[in-house]
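Only one structure is covered here, and it is reproduced in the block below.
Fair warning: this is a prediction, and the values are worked out from it, not measured in the lab. Only heavy atoms go into these numbers, but all of them, side chains included; no hydrogens, no water, no symmetry mates. Along the sequence shown, residues carry numbers from 1.
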Amino acid sequence: MRSILKKINVLLLSVALLCCILPARVAASYEIPGTYQVQADAGTAYTVKILDYSYDNNTYFSLRDIAMVLKDTDKEFALTITKNTVALDPGKAYKPVGGENVSWNSTENPNISLRRNEFKVNGQNTHYYTMITRMPSGYYDCFMMAADLAMILDMEIIVPGDGILQLHTWEPFSVSAVSLEQAGYFYGVNGVLVGDVTTGEIYYEYQADTAYPIASTSKLMTYLLVMDALSAGQITLEEQVVISDTVHALSVAGDGMKILEAGEKVTVQDLLLGALLPSSNECALCLAEAVAGSEEAFVQMMNQKAKDLGLSQAIFFNSNGLPTYTKDPVPAKRQNRMSAEDMFRMVSYLLRVYPQVTDITSMQSAYLESLGIVVNNTNPLLYNMSGVTGLKTGTTNKAGACLVTSLTADDGNMEHDLIVIVLGTEDSIERGRVSGLLAKYALEVFHSGTDKSEITDQPQDTPVSAEAMVDCILRTAKKH
């Protein structure tokens with residue numbers, strides 16, 4: 001009897017555990033099907049299928065349905081979608097495949113993942129996160145964020161009411177950083193700064209004076225010190241650096257780019273490419289040892305350079321941005337830290353003194369001859385926007401996903417380097433999306449001279465309190 005009761009108890013416990021575990025798995029990743037009414041200009045409103053990914057209002061729209069909404073307008077586009085590829089060609093006519101602009105079948109429950117599918121625009125590779133699923137018609141459909149599509153087509157989007165989307169094909173896509181902040185868009189971000197390093201003008205900042213972990217964007221300081229050594233004649237780009245046991249040990253770690261054997265030789269040029277494009281931690285460490293003899297000595301140089309540049313909130317513990325532990329019995333976990341304002345100062349100096357950094361960071365890929373491998377750039381905006389020249393991504397659990405973006409803009413007399421600094425987004429998806437919107441905003445401010453949200457008469461853009469009004473006035477004064 002005891003044996004039977006024991007077996008029953010085990011069975012009941014197993015069922016209870018399954019009941020606890022299964023909902024957690026479902027909650028971690030699910031798609032909520034629904035519909036929007038979408039209208040282009042003053043045309044007919046169409047039913048467009050949507051998927052809210054993981055959370056309500058994290059909405060992705062059917063590209064095939066949107067293609068029908070925009071058919072015969074100036075923003076029409078053709079589509080070819082397979083199991084994990086999308087080809088979108090603006091200006092070409094869309095050919096319906098059946099099933100567009102109808103609601104979801106009540107029995108349909110899409111179980112697809114958000115991922116970076118192969119996505120080409122006019123034949124060029126881009127980096128957008130989308131969901132692709134096979135529809136009852138037998139054809140594949142792709143679900144995409146409305147803002148991403150609006151950026152591609154340069155078309156304004158408006159949400160006048162719940163479940164309603166308006167596409168203004170005659171009006172270019174526009175971004176207001178102030179409006180985004182008022183809507184809480186940056187609540188999930190550590191720090192943001194947008195500015196022109198050529199003039200020193202700050203366009204917008206959010207929590208920019210607070211230091212946060214910066215992950216692999218630390219490698220910009222590593223590059224700066226390597227360039228100082230090159231300028232002083234201490235090393236050369238063609239010089240071959242011998243891989244140390246320490247570098248080998250780091251290269252076999254889980255996030256290593258390639259196993260580097262102790263005694264192997266790699267050129268300084270290839271180490272720079274490896275550190276900046278695929279963000280190789282072992283390449284950064286190898287460069288630190290080549291310049292200073294040890295990483296400890298190199299870190300001292302990093303912190304001294306930070307002081308020389310007036311980076312009051314910066315502190316470095318290593319050359320690559322990985323978490324580092326003290327040697328204490330109870331080790332402390334530390335990470336390189338910097339504020340967005342300090343990052344802006346450092347990048348301004350870097351681009352002024354060593355502008356050739358963008359010769360590397362603007363490359364989508366490179367062949368490292370001394371290592372015999374091809375590496376790819378981790379910066380998503382390099383693939384999605386013209387004029388982007390760099391600079392560096394970074395990710396750790398504590399730092400979140402970071403991106404320092406540089407892009408060029410011409411005022412008719414000279415080219416300017418615009419910078420977008422985004423520290424601590426939730427993941428690489430948000431990192432690319434926030435940075436892309438702010439890069440668009442930077443270009444708008446550069447060409448127009450002002451954020452249109454600060455001069456509009458629309459009630460939703462007016463500060464609703466005295467404190468908000470003062471903040472708006474101070475921000476406007478700071479910009480001008």
Side-chain angles (χ1 to χ4, degrees), residues 189-191 193 210-227 246-247 249-258 260 271-292 294-306 309 311 313-326 331-347 350 357 360-361 375 377-380 390-406 419 421-428 431 435:
V189 180
N190 284 342
L193 189 145
T210 303
Y212 294 101
I214 58 172
S216 282
T217 61
S218 305
K219 295 183 176 81
L220 293 174
M221 176 62 91
T222 298
Y223 175 86
L224 177 53
L225 291 177
V226 172
M227 292 304 295
T246 307
V247 172
L250 183 59
S251 74
V252 299
D255 58 354
M257 175 191 70
K258 181 183 187 295
L260 302 178
L271 290 172
L272 285 172
L273 290 167
L276 292 180
L277 298 185
S279 197
S280 165
N281 298 310
E282 55 271 28
C283 284
L285 175 58
C286 195
L287 287 167
E289 292 180 348
V291 170
S294 69
E295 186 171 45
E296 291 76 11
F298 190 80
V299 168
Q300 291 180 8
M301 294 172 61
M302 296 174 82
N303 286 312
Q304 183 58 53
K305 191 70 173 182
L309 296 178
L311 312 184
Q313 306 248 24
I315 183 169
F316 295 94
F317 298 103
N318 59 28
S319 59
N320 46 47
L322 286 173
T324 184
Y325 291 85
T326 62
K333 186 178 183 180
R334 306 170 303 183
Q335 295 194 39
N336 299 344
R337 297 172 68 86
M338 187 184 290
S339 67
E341 286 183 348
D342 280 348
M343 183 67 76
F344 182 75
R345 293 188 190 97
M346 185 182 77
V347 169
L350 174 61
V357 63
I360 295 177
T361 58
V375 295
N377 199 322
T378 56
N379 184 350
L391 282 168
K392 191 70 194 71
T393 57
T395 307
T396 67
N397 289 338
K398 182 68 174 176
C402 308
L403 178 57
V404 179
T405 303
S406 61
I419 291 294
I421 298 164
V422 175
L423 303 179
T425 63
E426 183 177 355
D427 53 33
S428 59
R431 172 177 68 189
S435 298

Identify, with sequence neighbours excluded, every residue that meets side chain to side chain contact (heavy atoms under 4.5 Å, CB included) alongside [X].
X: Tyr212; value: Asn190, Gln207, Thr210
X: Ala399; value: Pro213, Ala215, Gln335, Thr396, Cys402
X: Ser406; value: Thr358, Thr389, Leu391, Ile419
X: Ser428; value: Tyr129, Arg431

Restricting to non-hydrogen atoms, name the atom on [X] and the atom on [Y] that form the minimum distance, rounded to 0.1 Å.
X: Ala275; Y: Leu287; answer: CB-CD1, 4.3 Å
X: Phe316; Y: Val299; answer: O-CG1, 3.3 Å
X: Phe344; Y: Leu193; answer: CD1-CD2, 3.4 Å
X: Val247; Y: Glu289; answer: CG2-OE1, 3.5 Å
X: Lys333; Y: Pro323; answer: CE-CB, 3.5 Å

>> Assess the residue pair Thr395 and Thr378 against the criterion (side chain to side chain contact (heavy atoms under 4.5 Å, CB included)); give the C-alpha distance rounded to whole Å, side-chain angles, the decisive distance to 0.1 Å, and a yes or no.
In response: CA-CA 11 Å; Thr395 307; Thr378 56; over 6 Å; no

From [atom1] ([X]) to [atom2] ([Y]), nearest 0.5 Å:
X: Ile421; Y: Lys392; atom1: CD1; atom2: NZ; value: 14.5 Å
X: Leu224; Y: Leu350; atom1: CG; atom2: CG; value: 5.5 Å
X: Cys286; Y: Asn320; atom1: SG; atom2: CG; value: 12.0 Å
X: Leu276; Y: Thr393; atom1: CG; atom2: OG1; value: 10.0 Å
X: Met302; Y: Asn336; atom1: CE; atom2: CG; value: 5.5 Å
X: Thr222; Y: Phe298; atom1: OG1; atom2: CZ; value: 4.5 Å

>> Strictly by salt bridge (Lys or Arg N to Asp or Glu O under 4.0 Å), give each pair with a member in residues 393-406 just once, sequence neighbours left out.
In response: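 Output for this query is empty, none listed.
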
>> Quick check against the 3.5 Å criterion: does Thr326 have a side-chain atom that pairs as donor or acceptor with the backbone of Ala332?
In response: yes

>> Tell me if a side-chain donor or acceptor on Glu295 pairs with a main-chain N or O of Ser319 at a distance below 3.5 Å.
In response: yes

> Can you find a side-chain donor-acceptor pair between Ser216 and Ser279 that sits under 3.5 Å?
Replying inline: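 There is such a pair (donor and acceptor under 3.5 Å, judged by atom type) between the side chains of Ser216 and Ser279.
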
> Hey, which of Asn379, Thr361, Val347 is the one that makes side chain to side chain contact (heavy atoms under 4.5 Å, CB included) with Val404?
Replying inline: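 Answer to the side chain to side chain contact (heavy atoms under 4.5 Å, CB included) test with Val404 among Asn379, Thr361, Val347: Val347.
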
> So among Ile315, Leu220, Thr217, Leu311, which one has a side chain to side chain contact (heavy atoms under 4.5 Å, CB included) with Met338?
Replying inline: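 Between Met338 and the candidates, side chain to side chain contact (heavy atoms under 4.5 Å, CB included) is satisfied uniquely by Leu311.
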
> With Gln304, which residues qualify under side chain to side chain donor-acceptor pair (under 3.5 Å), at least two apart?
Replying inline: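 By the side chain to side chain donor-acceptor pair (under 3.5 Å) rule, Gln304 matches Asp308.
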
> Step by step, would you call Met257 with Asn281 a side chain to side chain contact (heavy atoms under 4.5 Å, CB included)?
Replying inline: CA-CA 8 Å; Met257 175 191 70; Asn281 298 310; over 6 Å; no

> Is there side-chain contact between Gln313 and Asp342, with heavy atoms separated by less than 4.5 Å?
Replying inline: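 Touching, per the 4.5 Å side-chain cut-off.
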
